[in-house]
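Notes follow the structure.
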Amino acid sequence: MDLIGTILWPLKWVVELLLVAFHGLFSQLGMDYDDGLTWVLSIVGLVIVVRAALIPIFVRQIKSQRKMLEVAPQLKKIQDKYKGKKDQFSREAMSRETMAMYKKTGTNPLSSCLPLLLQMPIFFALFSVLNDAQRSNAGVGPLDQSLAESFGNAKLFGNAPLHDTFASQWSLWTAGDPFNGTVMIIAATMVVLMTASQFITQLQIVSKNMSPETKASPMFKQQRIMLYLLPLVFAFSGVAFPLGVMFYWLTSNFWTMIQQFLVIRNMPTPGSEAAKAREERMARKGKLIGTDGDIIVVDEPAKPVQRQQPVGKARAKKQTGPKK
């Protein structure tokens, strides 16, 4: 077993345990043991448990990224100071000032990447388990040969195998051979949803969670590129994913989108539109603390009261009716 296999082995064992446990749970609840929907729901349950366990790492990553965004304007000033200077002395001076700025602000450019690097082996293990299972290959732990074959032969709606892909059916269609339209419809729908969810996730960051200073920095240009690049990656690579793996990616994308929404709403970047909106909400509730320690309260503007129009005697008599 190679080094990567050795690192992934315990992670794959845990992933298989969760997948088999959810499959057993849904089977006990009366769902068909070999049905594709049973396995799809097992994948969804697996992803939710794994992503929930990664929340502390995600929060740490968000905090690290926020610190980097906050120091981006200062970093740009240093870069502008030495712009066009390529001599050794200028490069060393820029490096010293950059490191001093990182030390002063308590930031580290690698700290925002470290949590992501810690998550990568877990995601590789998830992908590897699902990819092997769809080929009816037994796993390293609880996913034995019988369960792997059940997964590999499972079908959605009785007609769409979880191991099939949009690309394979497209090849059959263009060659004039019999193809499975159900697989193509499901896969195309999921590619659209995956692309849209990824775009919305990035758009939330770019449009609501960046300060004006950050939007003027080079980091904003990188975020703008990612806004369009990542959805395109899903759009082009998704057609080659088996349906089972696509359900994993789609569930993970939706989790990320919702998680990002909650983070931006409750932990926005200072100075951003999201931060201003949060301050307004807190002030309306009387929970916003000012810099002097006083509670800031914003009164809701009173709704204008509609003026009562005067009623003439004849009209009033008509409305009340004749006296008896």
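If you read the sequence from its start, that first residue is 1, and numbering goes on from there.
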Inset, instruction - Would you mind listing the cluster partners of Phe89? Hydrophobic ones only (ILVMFWY), side-chain contacts under 4.5 Å, chaining allowed. - result: none
Inset, instruction - Grab the two heavy atoms, one from Asn266 and one from Arg278, that are nearest each other, plus how far apart they are. - result: O-NE, 3.2 Å
Legend entry - With sequence neighbours excluded, residues passing side-chain hydrogen bond (donor to acceptor under 3.5 Å, both in side chains) with Asp87: Ser90
Inset, instruction - Please name the residue in the list Thr182, Asp164, Thr174, Asp177 that meets the side-chain hydrogen bond (donor to acceptor under 3.5 Å, both in side chains) test with Gln169. - result: Asp164
Legend entry - Distance-only side-chain donor-acceptor flag, Asp34 / Ser150, under 3.5 Å: yes
Legend entry - Aromatic plane relationship, Trp39 with His23 - under 30° parallel, 30 to 60° tilted, over 60° perpendicular: parallel
Inset, instruction - Compare all side-chain heavy atoms of Pro178 with those of Leu172 and state whether any distance is below 4.5 angstrom. - result: no
Inset, instruction - Please state whether the rings of Trp173 and Phe179 are parallel, tilted or perpendicular, taking 30° and 60° as the class boundaries. - result: tilted
Legend entry - For the student: nearest non-hydrogen atoms of Ser136 and Asn153, plus distance: OG-OD1, 4.4 Å
Legend entry - Least distance between heavy atoms, Thr98 atom then Met94 atom: OG1-O, 2.7 Å
Legend entry - Check: Ile200 and Phe261 side chains under 4.5 Å, non-hydrogen atoms: no
Legend entry - Check: Trp170/Thr165 side-chain N/O donor and acceptor closer than 3.5 Å: no
Inset, instruction - Could you tell me whether the side chain of Phe151 reaches within less than 4.5 Å of the side chain of Leu143, counting heavy atoms only? - result: no
Legend entry - Heavy-atom pair of closest approach, residues Gly36 and Ala154: CA-CB, 3.8 Å
Inset, instruction - Would you check if Gln260 and Gln202 make a side-chain contact, meaning some heavy-atom pair closer than 4.5 Å? - result: no
Legend entry - Distance, nearest 0.5 Å, that separates CG of Leu147 from OG of Ser42: 10.0 Å
Legend entry - Sub-4.5 Å side-chain heavy-atom contact between Leu130 and Leu19: yes
Legend entry - Cluster link Tyr33 to Leu156, ILVMFWY, side chain under 4.5 Å: yes
Inset, instruction - Assess whether atom CZ of Phe124 is packed by more than 12 heavy atoms of other residues, nucleotides or ligands within 6.0 Å. - result: no
Inset, instruction - Might you point out which heavy atoms bring Ile185 and Thr189 nearest each other, and give the distance in Å? - result: O-OG1, 2.8 Å
Legend entry - Within-4.5 Å side-chain heavy-atom neighbours: Ile48 and Trp255: yes
Inset, instruction - Specify the closest pair of heavy atoms between Ile264 and Ala274, including all atoms of both residues, with the distance to one decimal. - result: CG2-CB, 3.5 Å
Inset, instruction - Please tell me if the side chains of Arg96 and Met99 come closer than 4.5 Å, counting only heavy atoms from C-beta onward. - result: no
Only pairs under 3.5 Å count here: list side-chain donor-acceptor contacts from residues 50-58, not counting sequence neighbours, and write none if there are none.
{"residue": "Arg51", "atom": "NH1", "partner": "Ser252", "partner atom": "O", "Å": "3.2"}
{"residue": "Arg51", "atom": "NH1", "partner": "Ser252", "partner atom": "OG", "Å": "2.7"}
{"residue": "Arg51", "atom": "NH1", "partner": "Thr256", "partner atom": "OG1", "Å": "3.1"}
{"residue": "Arg51", "atom": "NH2", "partner": "Thr256", "partner atom": "OG1", "Å": "3.1"}

